[in-house]
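Working notes for the structure below.
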Amino acid sequence: MRFFHLSDLHIGKQLYGYSLLEDQEWVLNKIYELIDKERPDGVLIAGDVYDKSVPAAEAVTVFDRFLTKVSQLEPKIPVLIISGNHDSPERLSFGAEILSRQQVYVAGSCPQSENEHLKKVTFQDAWGETDVWMLPFVKPGYVRKLMEESRKKTDREDGAGQGSDGSQEADREPETEREEIRRDYNEAVKFLLERENIDTARRNILISHQFYTAGGEIPKTSDSETITVGGLDQVDTACLAPFSYVALGHIHRPQSMGRESIRYCGSMLKYSVSEWAQEKSVTEVILEAPGQEPVIRLHPLKPLREVCVIRGTLEEILEANKDRVSEDYVSIVLTDEQELYQPKEQLERIFTHILEVRTERNWKLAKEWEDGQEEETQTDPKLVFEQFFSQIQGRQLLEEEAEVLEEVFAKVREDEG
């Protein structure tokens, strides 16, 4: 049994003010072509379909075209979609019943009442059935009421929590305990999974969109993710033991957590300069007999435009690229020591999508100069400026520059006197 694992499409996202819709539609077409060629048994999309909870109409159209093409393939290839922290559960779930008739299954919200459970889709192959469980992005507040009701029910069934008058003390739960339920992401996810009583004799897959850690090890992140400061959103992978494979979303760098079969597939495009060296891909998961570790294959994705970092002097960069025009998204790091005349304007003749132009060497030299000042404090402000100028510009003051400087300091001394 074979599945394609995708996540973090972030349709509608911008990169340094550039709309990525054209790039996203391009790569979604490449993914569709791969689905058409490889014909997996299902496609799992682990959240953050859109970049905003209220996506623009153009973003919705791009995803609609992708889903329509996949749903028209014969024989049918089911698509399973959960919401991520960037998605609106209600908007993503719109038309879910109609979509399910085309074998497009959407889980926008997690269970919030006793009669609600995680959505499950069952697949069949020569080794039997495989259950794919769909767990949308969870905040503790979403399930606080359900957790409180479950705890009270357990107390009543155990005969615990009765006061001397026979009343249920559980109904007067301390405020600190309710606050703990509200804040603990790990407990919320663990609670939702345990209440499903998952049959571990069967093959089980989970689709989830959370910040998972493995025994204190945290995933490698990029600048484009939204991570809660202080680690309140962390969920330990210990609760994922019942699953043969866990299709994770939320982290944009492809990687496994704890074991190879608990995997972030990463985003389909590079959504920050920090991702420029990453290889984006579609993750294929192959499940065989129960008890066997799944096989994971990566299908590289070639973008319409790359995200690149280019370093060098302005002259070196212009010379190396003089015979072409690049449409890639580029972050340019200039290493020139001297002041430059309109560097960005010169670079824009070659690079049509410049993300940033920054100078690296000056900052390095400034830091070296500051470190040197800590070792040897110079009290003469004129000499301090001359040393600073020499470090930054890589040369001594010219005679006329020195004369201007002397005039400035003479004026300062005169004013102070």
Side-chain angles (χ1 to χ4, degrees), residues 3-40 42-52 55-73 77 79-81 84 86-87 92 104 222-225 247 249-254 264-284 297-310 321 324-331 348 350-356:
F3 295 94
F4 276 4
H5 171 196
L6 305 166
S7 77
D8 296 272
L9 311 183
H10 285 281
I11 302 174
K13 186 175 180 62
Q14 293 191 346
L15 183 62
Y16 285 76
Y18 292 105
S19 170
L20 296 178
L21 275 176
E22 183 184 9
D23 304 76
Q24 290 169 331
E25 186 152 31
W26 164 279
V27 79
L28 284 171
N29 282 332
K30 295 300 178 185
I31 293 171
Y32 164 75
E33 290 171 4
L34 187 63
I35 293 170
D36 187 22
K37 176 185 175 184
E38 296 291 333
R39 296 300 175 116
V43 177
L44 318 178
I45 302 180
D48 280 358
V49 172
Y50 299 110
D51 191 56
K52 295 181 179 179
E58 295 84 356
V60 176
T61 299
V62 166
F63 189 54
D64 176 65
R65 281 200 284 256
F66 169 73
L67 275 187
T68 299
K69 288 192 295 185
V70 174
S71 66
Q72 289 174 345
L73 291 173
I77 299 176
V79 180
L80 285 65
I81 307 166
H86 280 252
D87 298 311
L92 196 66
V104 176
S222 307
D223 293 342
S224 55
E225 292 113 348
H250 193 42
I251 302 301
H252 295 180
R253 180 193 294 264
Y264 289 105
C265 67
S267 56
M268 64 179 183
L269 288 172
K270 300 170 184 179
Y271 287 135
S272 68
V273 173
S274 66
E275 299 169 57
W276 75 273
Q278 293 179 22
E279 298 251 341
K280 300 300 185 180
S281 59
V282 173
T283 298
E284 180 181 358
R297 294 172 54 197
L298 302 181
H299 299 274
L301 286 174
K302 181 174 175 57
L304 177 62
R305 301 177 183 91
E306 269 291 357
V307 174
C308 310
V309 175
I310 300 175
N321 296 276
R324 72 184 188 112
V325 173
S326 171
E327 293 193 355
D328 289 337
Y329 298 105
V330 294
S331 168
E348 284 174 338
I350 296 172
F351 302 102
T352 61
H353 294 80
I354 295 178
L355 302 179
E356 59 181 353

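In what follows, residues are counted from 1 in the order of the sequence shown. Hydrogens, waters and symmetry mates play no part in the numbers below; they use all other heavy atoms, side chains included.
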Could I get the full list of salt bridge (charged side-chain N to carboxylate O under 4.0 Å, His left out) partners for E279, not counting sequence neighbours?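 For E279, no residue satisfies salt bridge (charged side-chain N to carboxylate O under 4.0 Å, His left out) once neighbours in sequence are set aside.
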Residue list, salt bridge (charged side-chain N to carboxylate O under 4.0 Å, His left out) with E22, at least two apart or on another chain: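 Partners of E22 under the salt bridge (charged side-chain N to carboxylate O under 4.0 Å, His left out) test: R305.
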Report the distance from atom [atom1] of [X] to atom [atom2] of [Y], rounding to the nearest 0.5 Å.
X    : Y    : atom1 : atom2 : value
L301 : W26  : CG    : CH2   : 12.0 Å
L269 : D8   : CG    : CG    : 11.5 Å
D87  : D48  : CG    : CG    : 5.5 Å
L6   : L34  : CG    : CG    : 9.0 Å
D23  : I11  : CG    : CD1   : 12.5 Å
E306 : H353 : CD    : NE2   : 13.5 Å

Using the salt bridge (Lys or Arg N to Asp or Glu O under 4.0 Å) rule, collect all pairs that involve residues 58-68, keeping only residues at least two apart or in two chains. E25-R65
Under-4.0 Å salt bridge between E275 and K270: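 Looking at K270 together with E275, the answer is no, because their closest N to O distance does not fall below 4.0 Å.
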Is there a donor in the side chain of S274 and an acceptor in the side chain of S272, or the other way round, less than 3.5 Å apart?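 Distance-only check passes for S274 and S272.
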Is the closest side-chain donor-acceptor distance between T352 and E327 under 3.5 Å?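 Absent: no donor and acceptor within the cut-off.
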Are [X] and [Y] packed together at the side-chain level, in the sense that at least one heavy-atom pair is separated by less than 4.5 angstrom?
X    : Y    : result
V330 : V309 : no
K30  : M268 : no
H250 : S7   : no
K280 : P303 : no

What pair of heavy atoms forms the shortest contact from [X] to [Y], and how long is it?
X    : Y    : value
G12  : Q24  : N-OE1, 2.9 Å
V307 : W276 : O-CB, 3.5 Å
Y50  : V60  : OH-CA, 3.6 Å

Looking at S326 and D328, would you say the former's side chain and the latter's main chain have a donor-acceptor pair under 3.5 Å?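 Yes; at least one donor-acceptor contact below 3.5 Å.
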H10: which residues meet the ring pair (Phe, Tyr, Trp, His ring centres under 6.0 Å) condition with it, sequence neighbours left out? H86, H252, Y271
Could you tabulate the donor-acceptor pairs under 3.5 Å formed by side-chain atoms of residues 14-21, not counting sequence neighbours?
unit_1 : atom_1 : unit_2 : atom_2 : d
Y18    : OH     : I354   : N      : 3.2
Y18    : OH     : I354   : O      : 3.2
S19    : OG     : L21    : N      : 3.4

Could you pull out all residues at least two apart from I35 that satisfy side chain to side chain contact (heavy atoms under 4.5 Å, CB included)?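 If we apply the side chain to side chain contact (heavy atoms under 4.5 Å, CB included) test to I35, skipping adjacent residues, the hits are F4, I31, P40, V43, F66, V70, L73, I77.
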